[in-house]
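In what follows, a structure is listed as structure tokens, so that the remarks can point back to it.
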Amino acid sequence: MGCFVSTPKDTGVKRRRPGNIGEVAVFVPGLRIPKPVDFSESLGDHLCKNLVERLSALRTRIVVMAGQEGPTITRTRRRSATQHGGSTLGDLLQALEDYLPVLLGLVKDGSPLQHKVQFTWINQEDESEEMAMYNAWYEVLSVLHLMATLSLSQANLLLLPRTSTDGYLPKVSEESRRSAIDILLKAAGYLDCAVRHILPQLPPELRRDLPVDLAEGVLRALCLQALGQGVDIQLGLAIDSTKATLAVKRRLACEMVKYWQQAQDNITNLPLANGWGEKHRFYVKWKYIEAKAGAYYYHGLILDEGNTEKSHGMAVSALQAADEYLKESKRSCEAFNSAVPLSRTPPLWGTMKYLSEKIPKDTSSKVRINRDLYTYEKIMETAPTLPDFALALKPDEYQLPDVDSSWNNENVNKGQTGN
């Protein structure tokens, strides 16, 4: 049970995609939009009228809000966080949270009702315009994905620098940065729950037929991206702190590399070549390269503290690698921004503002000094291996809510076990 219907991209169904999404600090995949469902037709003989109407009302609210606001949510503007965008995200998230406990009644205790309703969602990263399945777990998975996407959008809004009242360059407040970390961990929690607890509920044949938007690799990559960006913010806070040691900064920078490397590994073999999908791939590549620039920089500074010819040579090699990765990251950033939908990079702040200034300067200085001390042949030609640290940042432990109390025996027709 649980057959599916996919609509190929040439059927005339049109996805609403913005041509330009504005400034991007956190990658937010295009919002998958739910299409209307007639619960009364499929569940009218199995549930009481009030419960059917409640399901319909809760989902219709999401359909309307996502359909109207989805395209505007992805077109971020710095001012929208405090005007229209922030409240829209919060309202839609609340609508999803209200719907989920009632929806979960369809899958409670393996109920056959989970196969009675055809749920249809418009895709963004997949070649198929939309995907429909007679499986309520597909709906739960889609809801969690949308909740994570909205959370990523909230984090993006918080991390867009704003012009300060004191007349200095645009910046992101420490309060906004710490709030963004909390939201990123929450998004990672939704995605982690989807991978570990929802995907296993779908039979293998349905999992294979899921749109690439909901593929396990994409969900894992988005989760790792959220964690990687959380560490990026932590590194920026460490850079601003007089108490954070060089070793702490290197550890954070190296952990960030591992998160982005794992994110890239998860989407390497997926068919992300359609609009949002291609942009997603470019973003992960950019951030992975950018992270390596920071890690090699801090590794080089620590190596340079050694008193041996070998350590100085390794330091120079690491700093040279950092400089090359920084240059490559700028090219990767341009490729990401030029991919449709078009985007812009916000003014540099935090980690990358600091590293963009320090890496070229320190690399030039160390290379010149150490080349005066040692011959070129003695300087290692390849970058030293980065130290391997255990990943410290974990997703929030999100648990599905309890089934809503409206699912009691009086509201469920005893005939629901029939075909």
All N/O donor-acceptor pairs, side-chain side in residues 233-240, below 3.5 Å, sequence neighbours left out:
| unit_1 | atom_1 | unit_2 | atom_2 | d |
| --- | --- | --- | --- | --- |
| D240 | OD2 | R177 | NH1 | 3.0 |
| D240 | OD2 | R177 | NH2 | 3.1 |

Validation: residues 184-194 side-chain donor-acceptor distances under 3.5 Å, sequence neighbours left out:
| unit_1 | atom_1 | unit_2 | atom_2 | d |
| --- | --- | --- | --- | --- |
| D192 | OD1 | R196 | NE | 3.4 |
| D192 | OD2 | R196 | NE | 2.8 |
| D192 | OD2 | R196 | NH2 | 3.1 |

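Among residues two or more places apart in sequence or in another chain, the salt bridge (Lys or Arg N to Asp or Glu O under 4.0 Å) test is passed with K249 by none. Residues meeting the side-chain hydrogen bond (donor to acceptor under 3.5 Å, both in side chains) test with W121, sequence neighbours left out: E139. The salt bridge (Lys or Arg N to Asp or Glu O under 4.0 Å) test applied to R250 returns no partner, not counting sequence neighbours. By the salt bridge (Lys or Arg N to Asp or Glu O under 4.0 Å) test, E53 pairs with K49, sequence neighbours left out.
Of the N and O atoms on the side chains of R344 and N337, not one donor lies less than 3.5 Å from an acceptor on the other residue. Of the N and O atoms on the side chains of S40 and D38, at least one donor lies less than 3.5 Å from an acceptor on the other residue.
In this structure, V284 and L224 have side chains that are not in contact, with every pair of non-hydrogen atoms separated by 4.5 Å or more.
Residue F27 is tested with Y283, W260, F282 for a ring pair (Phe, Tyr, Trp, His ring centres under 6.0 Å); the sole match is Y283.
Salt bridge status for E278 with R281: absent, with no side-chain N to carboxylate O gap under 4.0 Å. A salt bridge is absent between E357 and K361; no separation between the charged side-chain nitrogens and carboxylate oxygens falls under 4.0 Å.
Taken from CG in D404 to NZ in K108, the straight-line distance is 10.5 Å, to the nearest 0.5 Å. Annotation: the span from Q154 atom CD to N156 atom CG amounts to 11.0 Å, rounded to 0.5 Å.
Aromatic ring orientation, Y297 versus Y354: perpendicular (interplanar angle above 60°, classes split at 30° and 60°).
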Requested in this report: Could you go through the side-chain hydrogen bond (donor to acceptor under 3.5 Å, both in side chains) check for Q94 and D98 one step at a time?
Outcome: CA-CA 6 Å; Q94 186 60 55; D98 293 343; 2.8 Å; yes
